[in-house]
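Input: a single structure, listed below in structure tokens.
Positions are given from 1 along the sequence. What you are looking at is a predicted structure, and each value in this text was computed from that prediction instead of being measured.
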Amino acid sequence: MVNSSVVNTYPLSSYSFGTKEPKMEKDTSVADRLARMKLNYMKEGMRTSVEAILLVQEHNHPHILLLQIGNTFCKLPGGRLKPGENEVEGLKRKLSSKLAANSPNMQPNWQIGECVAVWWRPNFETIMYPYCPPHISKPKECKKLYVVHLSEREYFAVPKNLKLLAVPLFELYDNVQRYGPVISTIPQQLSRFQFNMISS
């Protein structure tokens with residue numbers, strides 16, 4: 001794990017991108033997703049998920065890598081941990097599943113940094129809060145966002161049904177309508193970090 005308030009950000013052009021087989025979503029609608037979450041909760045208890053903030057730079061401004069599904073929906077790479085799974089190892093597993101080539105020799109060096117945000121889902125609904133409401137004794141999900149430090153050169157394999165976008169912080173800031181509350185508040189969570197813009 002990397003605990004540093006300095007984040008080295010390399011140009012987007014120093015990374016190479018390819019494709020791999022599609023990663024199909026388990027659910028076709030929000031209602032299906034919430035129903036599956038309810039089912040898993042009955043079996044395993046509260047869902048714990050981890051997501052990665054991967055940073056690159058363009059024009060000396062930090063950009064975050066987001067996965068786009070369809071034409072509008074964007075999400076951070078990551079996902080649900082297995083019961084009892086370590087958060088850092090689980091995030092590496094999820095990142096490799098989403099963005100690494102299938103070859104063991106081409107695995108990116110995922111350097112997991114610190115957790116910068118924790119979000120709570122009190123009920124089986126889409127809304128999440130950056131705190132657990134006081135009247136909720138059994139939240140349904142806890143989602144943690146980690147900064148992941150990228151090496152200068154990496155190869156990312158993007159599932160064919162997804163797009164990998166580099167979105168500038170100024171585009172995310174306060175843009176709840178487009179990106180939702182979790183992603184649109186990332187610029188505030190990163191404000192205490194110092195970005196070391198490294199040009200290739």
Exercise for the section: Taking the side chain as every heavy atom from C-beta outward, state whether Leu164 and Leu162 have any atom pair closer than 4.5 Å. Expected result: no

Exercise for the section: Check for a donor-acceptor pair, side chain of Gln68 on one end and backbone N or O of Gly70 on the other, with a separation under 3.5 Å. Expected result: yes

Exercise for the section: Report whether Val147 and Leu145 are members of the same hydrophobic cluster (ILVMFWY, side-chain heavy atoms less than 4.5 Å apart, transitive linking). Expected result: yes

Exercise for the section: Indicate yes or no for a side-chain donor-acceptor contact from Gln107 to the backbone of Ala101 under 3.5 Å, with no hydrogens or angles considered. Expected result: yes

Exercise for the section: Could you tell me how the ring of Tyr15 sits relative to the ring of Phe156: parallel (under 30°), tilted (30 to 60°) or perpendicular (over 60°)? Expected result: tilted

Practice task
Could you tell me whether the side chain of Arg178 and the main chain of Thr72 form a donor-acceptor pair under 3.5 Å?
Solution key: yes

Handout entry: Side chain proximity check, Val7 to Leu190, heavy atoms < 4.5 angstrom
Key = no

Problem - Leu65 side chain reached by Leu165 side chain, heavy atoms, under 4.5 Å - result: no

Problem - Residues Arg192 and Glu114 bridged, charged N to O under 4.0 Å - result: yes

Handout entry: Donor-acceptor under 3.5 Å (Thr9 side chain, Leu55 main chain)
Key = no

Handout entry: Min side-chain heavy-atom separation Leu54-Pro77 under 4.5 Å
Key = yes

Practice task
Determine whether Gln111 and Ser151 make a side-chain contact, defined as any pair of heavy atoms from C-beta on separated by less than 4.5 Å.
Solution key: yes

Practice task
Decide yes or no for Met37 and Arg33: does some side-chain heavy atom of the first lie under 4.5 Å from some side-chain heavy atom of the second?
Solution key: yes

Problem - Phe170 and His61 aromatic ring geometry - parallel, tilted or perpendicular at 30°/60° bounds - result: tilted

Completion exercise
Which of Lys143, Arg80, Glu141 passes side-chain hydrogen bond (donor to acceptor under 3.5 Å, both in side chains) with Ser49? Answer is Glu141

Problem - Residue pair Glu21, Asn102: steps toward the side-chain hydrogen bond (donor to acceptor under 3.5 Å, both in side chains) verdict - result: CA-CA 10 Å; Glu21 71 284 349; Asn102 295 330; 3.0 Å; yes

Handout entry: Leu66 and Tyr179, any side-chain heavy atoms less than 4.5 Å apart
Key = yes

Exercise for the section: Report yes if some heavy atom in the side chain of Ile136 is under 4.5 Å from a heavy atom in the side chain of Trp120; otherwise report no. Expected result: no

Practice task
Keeping the roles fixed (side chain from Asn86, backbone from Val88), state whether a donor-acceptor pair exists under 3.5 Å.
Solution key: yes

Problem - Asn161 side chain to Lys23 backbone, donor-acceptor under 3.5 Å - result: yes

Handout entry: Cluster link Met128 to Ile53, ILVMFWY, side chain under 4.5 Å
Key = yes

Practice task
Indicate yes or no for a side-chain donor-acceptor contact from Lys98 to the backbone of Gly78 under 3.5 Å, with no hydrogens or angles considered.
Solution key: yes

Exercise for the section: Going by the side-chain contact (heavy atoms from CB on, under 4.5 Å) test, name the single residue among Pro181, Cys142, Cys132 that passes it with Trp119. Expected result: Pro181

Exercise for the section: Would you confirm whether Gln57, through its side chain, and Ile198, through its main-chain N or O, come within 3.5 Å as a donor-acceptor pair? Expected result: yes

Practice task
Examine distances only and state if a side-chain atom of Arg93 and a backbone atom of Ser97 form a donor-acceptor pair shorter than 3.5 Å.
Solution key: no

Problem - Main-chain N/O of Ala100 paired to Lys20 side chain as donor or acceptor, under 3.5 Å - result: yes

